[in-house]
Amino acid sequence: MIKIYNSLTNKKEEFLPIDKGHVKMYSCGPTVYNYFHIGNARPFIFFDVVRRYLQYAGYNVKFIQNFTDVDDKIINRAIQEGTNPKALSEKYIEEYFKDADALGIKRADAHPKVSDNITQIISLIQRLIDKGMAYEKDGNVYYRVSSFAGYGKLSKQDINDLEAGARVEVSGEKEDPLDFALWKKKKEGEIYWDSPFGQGRPGWHIECSAMAFSYLGEQIDIHGGGADLVFPHHENEIAQSEGATGKQFSKYWMHNGYINIDNKKMSKSLGNFFTVRDIAQEFDLSTVRFFILSAHYRNPINFSRDLIKAAENSLERIYNAKNNLDYLISLNKNSKADDDNEFNEELNKYKKQFCDAMDDDFNTADAIAAIFELVKFININADENSSQNKLYAAQSLLNELTGVLGIAQSIDTQMLDKDIEELIEKRQQARKDKDFALADKIRDELKAKNIMLEDTKEGVKWKRI
RNA sequence: GGCGGCAUAGCCAAGUGGCAAGGCAAAGGUCUGCAAAACCUCUAUCCCCGGUUCAAAUCCGGGUGCCGCCUCCA
């Protein structure tokens with residue numbers, strides 16, 4: 001039984017999708033005006049894992065993550081760079097996929113763009129106007145917050161407290177300071193679309209409601225995003241969606257914690273961020289994925305190079321175990337087909353431990369601990385005399401579990417160059433001849449070429465470093 | 001002001017009532033020609049003070065410290 005911490009109720013709840021066996025999930029994607037930073041990467045990675053695990057658990061998952069490609073920040077940035085918003089957003093969508101791929105994030109079933117969904121957005125706005133939940137003022141359309149009784153239920157804000165703390169209204173066009181824009185009237189020189197309420201473009205919040213509706217339907221199972229989206233973005237999504245349909249929009253809301261720098265939230269506005277592209281200069285991005293998954297998703301994570309470095313060392317342990325299994329299998333020393341029930345039962349224990357952790361609100365930190373315990377078990381119990389059956393069973397489980405998290409995937413299958421192989425051969429001969437000076441010299445030489453040798457009872461192992 | 005979160009070893013980090021997971025780092029050991037990997041050993045008055053309980057890291061009350069949302073943000 002999978003349990004999910006639902007931000008709507010602030011409780012862990014049993015996960016029961018609306019349609020048995022099927023999961024509809026939506027996660028807020030990036031506003032594409034720059035490379036994304038590691039803070040942004042966290043939800044992308046985490047919800048990728050949620051999706052993978054639900055699939056692993058047997059659900060048929062439909063997963064949508066949007067691109068916000070119509071927005072003030074994009075327009076401003078385009079002006080700065082002397083380009084147009086469309087070209088700019090297209091560029092950063094491409095760059096998004098490069099980084100996402102390197103982070104091991106699978107493509108969603110669809111990545112809809114705001115600019116491709118204007119019709120749906122307009123009709124949703126119209127629907128709200130028709131119901132009296134939105135109003136047009138001089139080419140702008142606003143959501144009438146007072147018309148939605150549940151406003152504040154996600155962020156647990158009392159509407160009166162919000163009023164008290166609300167900023168002084170700038171435009172004075174709104175009936176209430178809490179009302180928010182569904183449609184923004186065109187400003188001179190800005191990108192715009194025609195609509196029944198005049199030329200303009202959609203506000204930020206409406207896009208997610210409209211795209212979720214058109215790709216998943218009016219009721220979805222899981223809606224995810226960073227904790228900073230709870231208010232106002234997700235609160236507004238609920239108001240729009242449920243206001244229009246009268247039905248519950250998302251059954252479960254999931255929000256990941258922040259990535260911090262020196263215990264302070266990493267954000268574009270504070271400027272204390274590292275883009276994933278920056279980090280890629282120094283570290284393999286699969287390490288960043290492992291690092292992010294090594295803490296529980298609702299807890300904040302501090303980011304620093306030292307911590308990524310520690311994560312890199314930690315991951316190495318899993319790679320070593322995988323490489324070792326490959327090596328033992330390649331020796332093919334014991335091809336007996338003896339099934340060892342005790343061994344298989346032990347393996348299953350770790351699998352269960354992993355699944356129990358993931359079932360409990362996707363506790364990836366605990367799931368990783370289960371993988372480490374499996375690694376230790378394999379290191380102790382798999383050796384050159386183990387049967388191929390055992391080795392394959394161990395390998396298959398290790399691959400299966402790391403695959404669910406998408407970690408330790410980049411196993412090197414590249415063959416060695418001829419001259420490297422010759423050097424290894426030459427060193428083996430030197431060792432036989434007890435010419436250790438030569439052997440060590442060759443080992444250092446290879447190390448300089450990023451080939452690390454390890455001598456074992458059965459022969460020499462190598463790995464790229 | 002309103003709402004919410006967090007505090008566990010040198011570091012990272014799980015754990016919501018029953019002898020405190022896992023990883024990194026350091027130290028010692030086994031194995032090895034040496035290394036590497038692996039294995040073994042070692043490392044915690046769970047922020048403080050009270051309370052409830054046979055039993056508290058975990059529940060309750062009170063502190064202290066840090067952070068977040070209430071405004072664009074993942």
Side-chain angles (χ1 to χ4, degrees), chain A residues 7 10 12 27-31 36-47 68 71-73 76 152 155-158 160-167 178 204 224-233 235 255-260 262-270 273 290-291 294-296 298-302 304 306-321 323-324 327 353 357 360 363-376 378-380 382-383 431 434-437 439-440 443-444 447 452-457 460-463 465:
Chain A
S7 309
N10 280 159
K12 271 187 206 172
S27 167
C28 291
T31 300
F36 62 92
H37 62 66
I38 342 196
N40 299 307
R42 190 173 192 187
F44 304 155
I45 292 166
F46 174 67
F47 290 106
T68 297
D71 176 89
D72 288 340
K73 294 188 288 289
N76 294 336
S155 53
K156 279 86 190 166
Q157 295 287 340
D158 186 280
N160 298 311
D161 294 335
L162 282 170
E163 296 264 8
R167 266 191 172 178
L178 287 179
W204 175 38
D228 45 356
L229 296 184
V230 171
F231 193 91
H233 186 55
E235 195 71 72
H255 294 97
N256 60 272
Y258 302 118
I259 295 207
N260 296 153
D262 297 329
N263 285 316
K264 287 232 163 39
K265 176 182 171 183
M266 182 187 293
S267 76
K268 285 180 179 170
S269 51
L270 289 180
F273 65 91
F290 176 80
F291 169 70
S294 65
H296 186 89
R298 281 187 281 117
N299 287 345
I301 300 184
N302 249 315
S304 75
D306 288 349
L307 292 172
I308 300 284
K309 184 67 203 159
E312 193 174 49
N313 293 343
S314 189
L315 236 197
E316 188 67 17
R317 189 172 160 77
I318 300 175
Y319 277 119
N320 283 339
N323 285 331
N324 194 237
Y327 174 73
Q353 188 185 342
D360 184 14
N363 192 334
T364 54
D366 258 352
I368 286 172
I371 289 175
F372 277 112
E373 291 187 35
L374 171 64
V375 162
K376 174 163 275 188
I378 290 172
N379 286 339
I380 292 173
D383 60 32
R431 289 184 66 223
K434 304 251 185 272
D435 185 355
F436 295 119
D440 290 351
R443 185 167 61 194
D444 289 345
K447 197 171 177 185
M452 173 92 115
L453 296 187
E454 295 176 12
D455 298 319
T456 75
K457 279 184 199 148
V460 65
K461 269 169 72 179
W462 60 270
K463 65 178 178 185
I465 50 172

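Side chains included, hydrogens not; waters and symmetry mates left out as well; all remaining heavy atoms used. By convention in this document, chain letters (A, B, ...) are assigned in the order of the sequence lines, proteins followed by strands, and residues within each chain are numbered from 1.
Qualifying side chain to side chain contact (heavy atoms under 4.5 Å, CB included) partners for N313(A), counting only residues two or more places apart in sequence or in other chains: K309(A). Looking at residues two or more places apart in sequence or on another chain, you find a side chain to side chain contact (heavy atoms under 4.5 Å, CB included) between D383(A) and N385(A), S386(A). Under the salt bridge (Lys or Arg N to Asp or Glu O under 4.0 Å) criterion, R317(A) pairs with no residue, sequence neighbours left out. The ring pair (Phe, Tyr, Trp, His ring centres under 6.0 Å) check on F36(A) picks up F44(A), Y96(A), with sequence neighbours excluded. Here D366(A) pairs with nothing under the salt bridge (Lys or Arg N to Asp or Glu O under 4.0 Å) rule; sequence neighbours left out. Checked against side-chain hydrogen bond (donor to acceptor under 3.5 Å, both in side chains), T456(A) has the following partners two or more places apart in sequence or in another chain: Y327(A). Shown here are the salt bridge (Lys or Arg N to Asp or Glu O under 4.0 Å) partners of K73(A), two or more places apart in sequence or in another chain: D71(A). Checked against ring pair (Phe, Tyr, Trp, His ring centres under 6.0 Å), W204(A) has the following partners two or more places apart in sequence or in another chain: H233(A).
With respect to the salt-bridge test (charged N to carboxylate O, under 4.0 angstrom), the residues D455(A) and K461(A) do not qualify.
As a whole-Å value, the separation of N260(A) CG from C12(B) P is 13 Å. Regarding F291(A), its CZ atom lies at a distance of 18 Å from the P atom of G23(B), rounded to whole Å. H233(A) places its NE2 atom 10 Å from the C1' atom of A74(B), with the value rounded to the nearest Å. Atom-to-atom, NE2 of H296(A) to C1' of G23(B) comes out at 18 Å; the value is rounded to the nearest Å.
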Can you give me the N/O atom pairs linking the protein to nucleotides 25-28 of chain B at distances under 3.5 Å, or say none if there are none?
unit_1 : atom_1 : unit_2  : atom_2 : d
A25(B) : OP1    : N313(A) : ND2    : 3.4

Pull out every protein N or O sitting under 3.5 Å from an N or O of nucleotides 2-8 of chain B, one pair per line with the distance.
unit_1 : atom_1 : unit_2  : atom_2 : d
G2(B)  : O2'    : D161(A) : OD2    : 2.6
G2(B)  : N2     : Q157(A) : NE2    : 3.0
C3(B)  : O2'    : K156(A) : O      : 3.4

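The side-chain contact (heavy atoms from CB on, under 4.5 Å) with I38(A) is formed by just one residue from the set I45(A), I301(A), I308(A), I259(A); it is I259(A). Shown are K265(A), K264(A), M266(A); of these, the side-chain contact (heavy atoms from CB on, under 4.5 Å) with Y258(A) is made only by K265(A).
Side-chain contact between F46(A) and S27(A): absent, with no pair of heavy atoms (C-beta onward) separated by less than 4.5 Å. Put simply, the side chain of L315(A) does not reach to within 4.5 Å of the side chain of F291(A), judged on heavy atoms.
Residue contacts for G257(A): at a heavy-atom cut-off of 4.0 Å it reaches a base atom on one of the strands shown. Within the 4.0 angstrom heavy-atom criterion, base atoms lie near G39(A). Across all strands shown, N263(A) has heavy atoms under 4.0 Å from sugar-phosphate atoms exclusively, and none from any base. Within 4.0 Å of E312(A), counting heavy atoms only, lies no atom of the nucleic acid at all. Within 4.0 Å of I259(A), counting heavy atoms only, lies at least one base atom of the nucleic acid.
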With the sugar-phosphate defined as primed atoms, P, OP1 and OP2, and the base as all remaining atoms, what B/S/- string results for nucleotides 29-42 of chain B, 5' to 3', for protein heavy atoms under 4.0 Å? ----BBBBSSSS--

Just to be sure I follow the notation: if a pair is Watson-Crick (purine N1 to pyrimidine N3 plus N6-O4 or O6-N4) or a G-U wobble (N1-O2 and O6-N3), each under 3.5 Å, what dot-bracket string does RNA chain B give, with | for pairs to another strand? ((((((((.[[[..)..(...]]]..((((.......)))).....[[[[[..)....]]]]])))))))....

side-chain contact (heavy atoms from CB on, under 4.5 Å), that's the test. Do F290(A) and S314(A) meet it? Break it down for me. CA-CA 9 Å; F290(A) 176 80; S314(A) 189; 3.8 Å; yes

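In this structure, Y258(A) and M266(A) both approach RNA chain B, and ranking their closest nucleotides by distance from the 5' end singles out Y258(A).
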